[in-house]
Each structure stands twice: as structure tokens, then as C-alpha cells.
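Notes follow the structure.
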Amino acid sequence: MLQVAYIRENKDDVIKRLSIRNIDASQMIEDVITLDEDRRKLQTQLDNTLAESNALSKEIGNLFKTGRAEEANTLKAKTTQLKEDSKQLNESLNAKAAELDELLYKIPNVPHESVPFGTTESDNEEIHREGDVPKLHANALPHWELAKKYDIIDFELGNKITGAGFPVYKGKGARLQRALIAYFLDKNIEAGYTEYQLPHLVNEASGFGTGQLPDKEGQMYHIGADNLYLIPTAEVPGTNLFRGDLLSESELPISITGYTPCFRREAGSYGAHVRGLNRLHQFDKVEIIRVEHPENSYNAFEGMIDHVKGILEELKLPYRILKLCGGDVTFASALTYDFEVYSTAQERWLEISSVSNFETFQANRLKLRFKNSDGKTQLCHTLNGSSLALPRVLAGILENYQTEDGIQIPEVLIPYTGFDKI
RNA sequence: GGAGGAAUGGCAGAGUGGUCGAAUGCGGCAGUCUUGAAAACUGUUGAGGGUCACACCUCCGGGGGUUCGAAUCCCUCUUCCUCCGCCA
């Protein structure tokens with residue numbers, strides 16, 4: 001959520017930069033400013049009314065104490081009207097504030113100045129490409145065929161016990177999966193991240209904190225009986241760890257990593273290009289999360305990009321990095337780079353990581369602040385990225401490392417798997 | 001799941017109807033002393049809104065209520081602790 005004070009002071013700039021997302025926010029911004037003015041006027045009126053009745057109450061107390069009950073009772077009568085006024089003012093104030101909040105929830109983050117204009121993913125800007133696409137043998141298969149051939153992932157079993165999009169990993173498939181998780185976590189720890197094990201269910205307040213609620217409610221699985229949500233990403237519990245905190249400057253930066261399963265409803269997305277591991281309702285992911293000093297957040301962002309690059313290069317997977325255009329950058333993000341691995345057998349790129357700087361957008365909702373060197377409280381910047389999302393990395397490995405007589409295991413993973421071939 | 005107790009500032013902990021945004025201790029910050037540091041001493045130290053700055057307003061787990069007035073009384077929710085039951 002953008003800060004009202006920021007909108008007020010940078011009105012034209014906010015409108016201009018939101019236009020990079022291909023939206024005309026001028027009316028919304030005007031409305032925010034008007035609503036905010038109204039809200040402050042009501043607040044002042046309410047404050048004055050309360051001040052008056054506070055003063056009267058104090059006087060009444062004194063009168064009672066000095067035994068002048070009659071005078072006190074006269075004053076009491078005067079408070080009735082004030083009470084009525086403040087009640088009404090309070091109601092209008094709440095209504096106005098709710099209206100303002102509702103509008104603010106609808107305004108996406110202001111993109112970073114480097115974000116290119118664009119309307120769809122075809123306008124994303126490729127900024128880096130690395131690794132050679134292997135030449136596969138004539139009988140090369142897509143990963144869902146390989147999974148069946150080597151009996152390492154069973155999609156039908158998942159259908160039986162849960163439904164589509166809940167694969168069952170078996171034997172070496174399960175071990176490879178576990179190896180990847182351990183390898184990613186170790187790489188992250190080596191880079192200075194602290195490992196966390198996080199809850200897989202979160203409450204409503206957490207959903208609001210990172211921005212999944214109220215807008216994207218339909219993307220999360222909801223447990224009605226307990227009013228909890230299954231996490232769509234470790235970002236939600238991981239970032240909400242710091243909700244409401246007022247940190248000292250010396251506590252920054254905070255860098256954490258965690259492995260969690262992720263649950264996404266992905267309503268309506270069925271078809272050829274979501275086959276196999278390409279899109280699932282449950283998948284595993286290792287996430288990196290940072291809470292940063294605003295002055296350092298873009299350094300941190302670059303560091304996260306280099307870190308993910310390093311992992312992909314060790315795995316020797318061909319990948320590219322896209323800078324997302326205004327139309328594709330997510331609601332809460334100011335700048336997002338996507339990593340994609342080339343799936344040789346499918347002849348297409350698969351997104352395996354998304355690294356974002358949210359600047360103060362999440363921190364404002366989370367009330368995540370720090371005390372700066374001047375002793376002033378200031379919002380932190382939050383960032384996160386996948387390192388990495390498992391299924392598509394697995395798809396990439398299976399497809400790119402396949403040979404006529406089996407699938408090679410990337411060298412760095414062998415110590416984790418305990419075998420070098422499937 | 002049943003019975004009881006509790007929730008106060010960064011932490012510990014007092015406060016049971018007005019003078020309480022809140023004693024005291026620890027911690028933090030600044031200063032004195034010191035070559036420097038420690039110790040000691042002195043001062044200072046919650047958050048949000050509002051204002052040019054003051055004033056002023058809100059916040060004692062969340063929400064609601066009683067009262068002229070609530071940290072304090074009532075209702076409700078959440079969380080924690082103790083005991084019992086169940087259990088990986």
C-alpha cells in the first residue's frame with residue numbers, strides 16, 4: 001500500500017510512473033487526496049470535541065472532590081451533547097477512513113524508474129542469457145514422459161488421492177527433490193541467509209500484510225473452520241515474521257531463507273502448457289527474504305540476482321533473466337526480475353524464480369519500521385525471491401540432462417542425491 | 001476438549017474509577033570523570049495522528065459496553081501459563 005503522505009507530496013510523479021503499468025491512475029490519486037483531506041478534517045473536529053469533553057470531565061472530577069456536587073451535575077448535562085457529537089464524528093471518520101483504505105488497496109506499487117513500459121509479458125526485457133542449450137538425442141522426451149518412463153513422478157496417483165496438480169514423487173524422484181531442497185538451502189546459508197522453518201498456514205492478518213488479501217483471495221486455499229489460509233509462498237509467513245516491528249538500524253539487514261510447500265488454487269488453468277510439472281496446486285520452493293535499509297535495498301536486490309545466477313550456473317542449466325515490464329510486474333512490486341530455464345524438450349522457457357523489491361509497499365501495510373540514525377522512524381524495504389522453485393528446475397534437469405540410457409544428475413547434486421543417474 | 005490464572009513501554013514489573021502515557025529496575029542514548037575503556041554519577045529515553053512549531057487527540061493483547069471520566073468495572077475474541085484428558 002502506498003503511503004498517503006507520499007501520494008500527496010508526489011502526486012504527478014505517482015500518476016506518471018503508474019502509467020508505466022499502462023493504467024491511468026489520475027482519478028484514483030485525486031480521490032485519495034480528497035478523501036484524505038476529508039478524513040483529516042473530521043479527525044480534527046473529533047479531536048477538538050474530545051479535548052472539550054476531556055476538559056469538562058477533569059473539571060467535574062475536581063468539583064466532586066471539593067464537595068460541589070451540584071455544579072458538577074450541571075456540567076454533566078453539558079457532556080451529553082459532546083458525547084453525541086463525538087460518536088457521530090467518529091462514525092463518519094471511520095467510514096471515511098475505510099473508503100480511503102479501500103481505494104488505497106486498489107492502487108499498485110509505483111514501478112522503479114528502470115521498469116520499461118509494456119502491456120504484456122512479450123514486452124519484458126531480456127537482460128541476461130547464460131548457458132548452452134544441449135543438443136538432445138532424437139528420442140528426447142518432455143519431462144512428464146520421462147517421469148513415467150523412469151517411474152519417478154506419478155501424476156495419476158495424485159489425481160486419485162487429491163486431484164489434478166498434486167503429483168506424487170517416488171523413489172529417485174523423491175530423493176532428487178529432497179536433494180534440491182537441501183542444496184538450495186545450503187547455498188543460501190552459505191550466502192548469509194538464516195534458515196527458518198515456517199508455518200504452512202497463516203491467518204488473515206498475515207494475508208493482508210503481504211498483500212494477498214483482500215484482492216487475491218481466490219488464489220489461496222482457505223480453511224473455513226479455522227479461518228486460515230494455506231500459504232501460496234514462504235513470502236507470506238516469512239515476511240509477516242516482522243509485522244509490526246520497530247527495528248534498530250543495527251538489526252538491518254535481515255536475511256532469511258526457508259523451504260516450504262506452496263499451495264495455489266490456479267483456478268481455471270488447465271491445458272497443454274500446464275502439463276506435467278509446469279503448473280501445480282502444490283509445489284516446493286526455497287525462498288529468500290530480506291528486510292533492508294531503503295538506501296541499501298537495490299544493492300541487496302543485485303546481490304540476490306547474482307546469488308540465483310550462481311546457483312543456476314552450478315546446476316549448468318541454460319537460463320535467461322527478464323526485467324518485467326510495467327504491465328507484467330506484480331501489484332506490490334516496484335522491480336521484478338524473472339529467471340527462466342530453457343526446457344529443451346518442450347522448446348520453451350519456464351519461470352523458476354522471481355526476485356522483487358517491494359520498497360515500502362509491503363512494509364507500510366506490515367508497519368515494519370526501523371529507527372534511523374536521526375532517531376526518526378522510517379519504513380523498511382522488503383524483498384524476496386525464489387531460490388528456487390522446485391518443479392520447473394526438476395523439469396529442466398530431467399529434460400536437459402536426459403541421455404539415451406538415463407538421466408544424468410548435475411554434479412553439484414550428487415553429494416545430496418547419493419546417485420549420479422536415474 | 002474440561003477447570004483455573006494471566007496479558008501494561010525494548011525487557012522485567014507496579015498500578016483495581018479522576019491528579020496515569022503510566023512508578024521502579026534493567027537496557028538504550030547523551031554528558032561528567034578517564035590517555036582510552038569499564039565502573040560511578042547526572043540527564044534523557046514508547047508509538048501513531050496533528051501543527052511551521054506548540055497546543056491537542058488516540059493507543060496499557062483485539063473488539064464492544066458501563067460511566068461526566070476506564071490500564072482499572074462488565075461482555076466477547078485471541079494468546080500464554082498451571083492442572084486434568086487425549087495424542088505424533
Side-chain angles (χ1 to χ4, degrees), chain A residues 1-9 32-101 104 197-209 213-214 222-229 237 240-252 254 261 291 360 362-380:
Chain A
M1 181 164 64
L2 293 174
Q3 296 167 85
V4 178
Y6 181 82
I7 292 177
R8 210 190 302 150
E9 282 154 31
V32 166
I33 290 170
T34 313
L35 284 169
D36 178 52
E37 267 167 21
D38 294 351
R39 201 211 76 220
R40 276 149 65 214
K41 258 178 222 154
L42 285 167
Q43 180 79 63
T44 308
Q45 285 177 45
L46 176 63
D47 286 357
N48 291 339
T49 311
L50 288 173
E52 211 175 315
S53 71
N54 285 347
L56 276 177
S57 292
K58 208 169 264 185
E59 217 175 317
I60 290 167
N62 285 331
L63 288 171
F64 272 125
K65 211 170 298 168
T66 51
R68 291 186 283 172
E70 218 167 287
E71 286 173 65
N73 285 321
T74 317
L75 282 187
K76 260 197 204 182
K78 284 174 77 176
T79 62
T80 318
Q81 183 61 43
L82 286 173
K83 268 181 90 170
E84 185 53 37
D85 289 352
S86 56
K87 196 179 164 192
Q88 275 184 14
L89 282 167
N90 197 32
E91 273 167 25
S92 341
L93 177 65
N94 288 340
K96 194 61 82 175
E99 209 183 323
L100 176 60
D101 280 345
L104 283 170
Q197 285 201 13
L198 298 161
H200 301 167
L201 267 67
V202 292
N203 57 27
E204 229 174 343
S206 297
F208 271 97
L213 296 175
H222 182 227
I223 315 257
D226 300 290
N227 196 24
L228 296 171
Y229 294 86
N240 273 284
L241 248 23
F242 308 101
R243 170 153 46 90
D245 283 3
L246 177 53
L247 305 165
S248 64
E249 202 167 14
S250 62
E251 288 175 90
L252 298 174
I254 293 169
V291 179
T360 60
Q362 286 182 330
N364 189 31
R365 280 201 193 188
L366 292 162
K367 296 273 172 297
L368 202 192
R369 300 148 302 163
F370 72 100
K371 208 161 244 220
N372 67 23
S373 45
D374 300 333
K376 295 260 164 56
T377 48
Q378 209 180 328
L379 291 172
C380 301

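Side chains are part of it too, since the values below use all heavy atoms of this structure and drop only hydrogens, waters and symmetry mates. Chain letters run A, B, ... following the sequence lines, proteins first and then strands; every chain starts at 1.
Pair assignment for B:rG1 gives B:rC84, based on Watson-Crick or G-U wobble hydrogen-bonding distances that are each under 3.5 Å. Taking a pair to require two hydrogen-bonding distances under 3.5 Å in either a Watson-Crick or a G-U wobble arrangement, B:rG61 pairs with B:rC77. Across the strands present, B:rU32 finds its partner in B:rA40; the criterion is a Watson-Crick or G-U wobble pair with both atom distances under 3.5 angstrom. Here B:rC11 sits opposite B:rG25 as a Watson-Crick or G-U wobble pair (both hydrogen-bonding atom distances under 3.5 Å). Base pairing annotation: B:rG69 forms no Watson-Crick or G-U wobble pair, as no partner gives both donor-acceptor distances under 3.5 Å.
Residues satisfying the side-chain contact (heavy atoms from CB on, under 4.5 Å) test with A:Leu246, not counting sequence neighbours, are A:Arg369, A:Thr377. Residues forming a side-chain contact (heavy atoms from CB on, under 4.5 Å) with A:Lys83 (at least two apart in sequence, or on another chain): none. When the side-chain contact (heavy atoms from CB on, under 4.5 Å) test is applied to A:Ser248, the partners found at least two apart in sequence or on another chain are A:Ser250, A:Glu251. A:Glu91 meets the side-chain contact (heavy atoms from CB on, under 4.5 Å) test with A:Lys87; sequence neighbours excluded.
With both ends at atom C1', the span from B:rC73 to B:rU16 equals 9 Å, rounded to whole Å. Rounded to whole Å, the separation between the P atoms of B:rG10 and B:rA47 comes to 8 Å. B:rA22 and B:rC59 have their C1' atoms separated by 12 Å, given to the nearest Å. The separation of B:rG2 from B:rG15, taken at their C1' atoms, amounts to 33 Å, rounded to a whole angstrom. Between B:rU79 and B:rG28, the distance separating the two P atoms is 35 Å to the nearest Å. Using C1' as the reference atom, B:rA6 and B:rA12 are 16 Å apart when rounded to the nearest Å. One P atom belongs to B:rG48, the other to B:rC54, and the distance between them is 15 Å to the nearest Å. Nucleotides B:rG46 and B:rA55, compared at atom P, are 14 Å apart to the nearest Å.
Considering every non-hydrogen atom in both A:Pro199 and A:Pro237, the closest pair reads O-CG, 3.6 Å. Residues A:Leu50 and A:Ser86 approach most closely at CD2-CB, 4.2 Å, considering heavy atoms.
Protein atom CG of A:Asn203 is 12 Å distant from nucleotide atom C1' of B:rU79, rounded to whole Å. A:Asn227 places its CG atom 13 Å from the C1' atom of B:rU78, with the value rounded to the nearest Å. Between A:Glu204 atom CD and B:rU78 atom C1' the separation is 13 Å, expressed in whole Å.
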(message) Protein within reach of the bases, or only the backbone? For nucleotides 45-69 of chain B, mark each nucleotide 5' to 3' as B, S or -, using heavy atoms under 4.0 Å.
(response) -SSSBSS----SSS---------BS

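Annotation: side chain to side chain donor-acceptor pair (under 3.5 Å) contacts involving residues 46-64 of chain A, sequence neighbours excluded, comprise A:Gln43-A:Asp47.
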